[in-house]
Visitor: 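Pasting a structure here, questions to come.
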Amino acid sequence: MQDAHEVVVLRYGHRPGRDDRMTTHVGLTARALGADRVIFPDNAGQSAETVRDITDRFGGPFGVELREDQRSVVRSWDGPIAHLTMYGEPVQSVEEDVRGAHADGPLLVVVGGEKVPWELYEHATFNVGVTNQPHSEVAGLAVFLDRLFAGAELDREWADAKQVVVPQAEGKQVVDPTDAPGAGTVKDPQTDE
Ligand SMILES: C[S@@+](CC[C@H](N)C(=O)[O-])C[C@H]1O[C@@H](n2cnc3c(N)ncnc32)[C@H](O)[C@@H]1O
């Protein structure tokens, strides 16, 4: 089910083992930088678990779905599609048009892993390059979302978090959101200690 205002990231293709970290980071980047949900291939269950766990701890809302057939997600999408590729038009040239198209419908942002089918280039409303240099789906997605939201995603607030990071000039502080400011325990979010 699509919501007219949503931004959904589709990870097109996943090679278990080799792509695990990248697929997880596509999901974490989509979540952190303002997308509403991510769709992973159904062989990326471990990445889906990790992104759900982070959402559970650090807040949402953010959806994670596993779908068997990415081709059918693209074919049946009822709204504009932005496919990120080094061969596409410069993001700085098309960002306004993408925002305009998104005003009329939900936006699907597609990032690849291994080679994506040619059909995707034809089916996409926009083929978007974040530079025309080869780099990574995570970097491309981050810059694209920041351009799409014009930086507003950086000030987003999170609902139902169990842990909140208190920004520090030095060191790390993570508190329970129900604690008074400054009264929380100091934790490393990666080790939970
Ligand atoms: C390892 S790259 C594959 C490079 C591929 N030849 C391509 O079409 O961009 C995996 C994914 O990273 C993203 N990507 C890589 N470079 C990009 C760029 N300059 N702009 C936008 N996306 C890029 C694309 O989504 C691509 O499918």
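Note that ligands are numbered from 1 as they come in the structure, with each ligand's atoms numbered from 1 the same way.
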Visitor: So if you build clusters from Ile, Leu, Val, Met, Phe, Trp, Tyr with side-chain heavy-atom gaps below 4.5 Å, do L28 and V138 land together?
Guide: yes
Visitor: By side chain to side chain donor-acceptor pair (under 3.5 Å), which residues pair with S47, not counting sequence neighbours?
Guide: T24
Visitor: Can a salt bridge be assigned to the pair R52 and D56 using a cut-off of 4.0 Å between side-chain N and carboxylate O?
Guide: no
Visitor: Check salt bridge (Lys or Arg N to Asp or Glu O under 4.0 Å) between R21 and all other residues, then give those that pass, not counting sequence neighbours.
Guide: none
Visitor: Give every residue pair that meets the side-chain hydrogen bond (donor to acceptor under 3.5 Å, both in side chains) criterion with at least one member in residues 144-159, sequence neighbours excluded.
Guide: E95-R147
Visitor: Distance only, no hydrogens: is a donor on one side chain within 3.5 Å (strictly under) of an acceptor on the other, for H14 and D42?
Guide: no
Visitor: Under a strict 4.0 Å criterion on non-hydrogen atoms, which protein residues are in contact with ligand 1?
Guide: L84, T85, M86, Y87, V111, G112, G113, Y121, V128, G129, V130, T131, Q133, H135, S136, E137
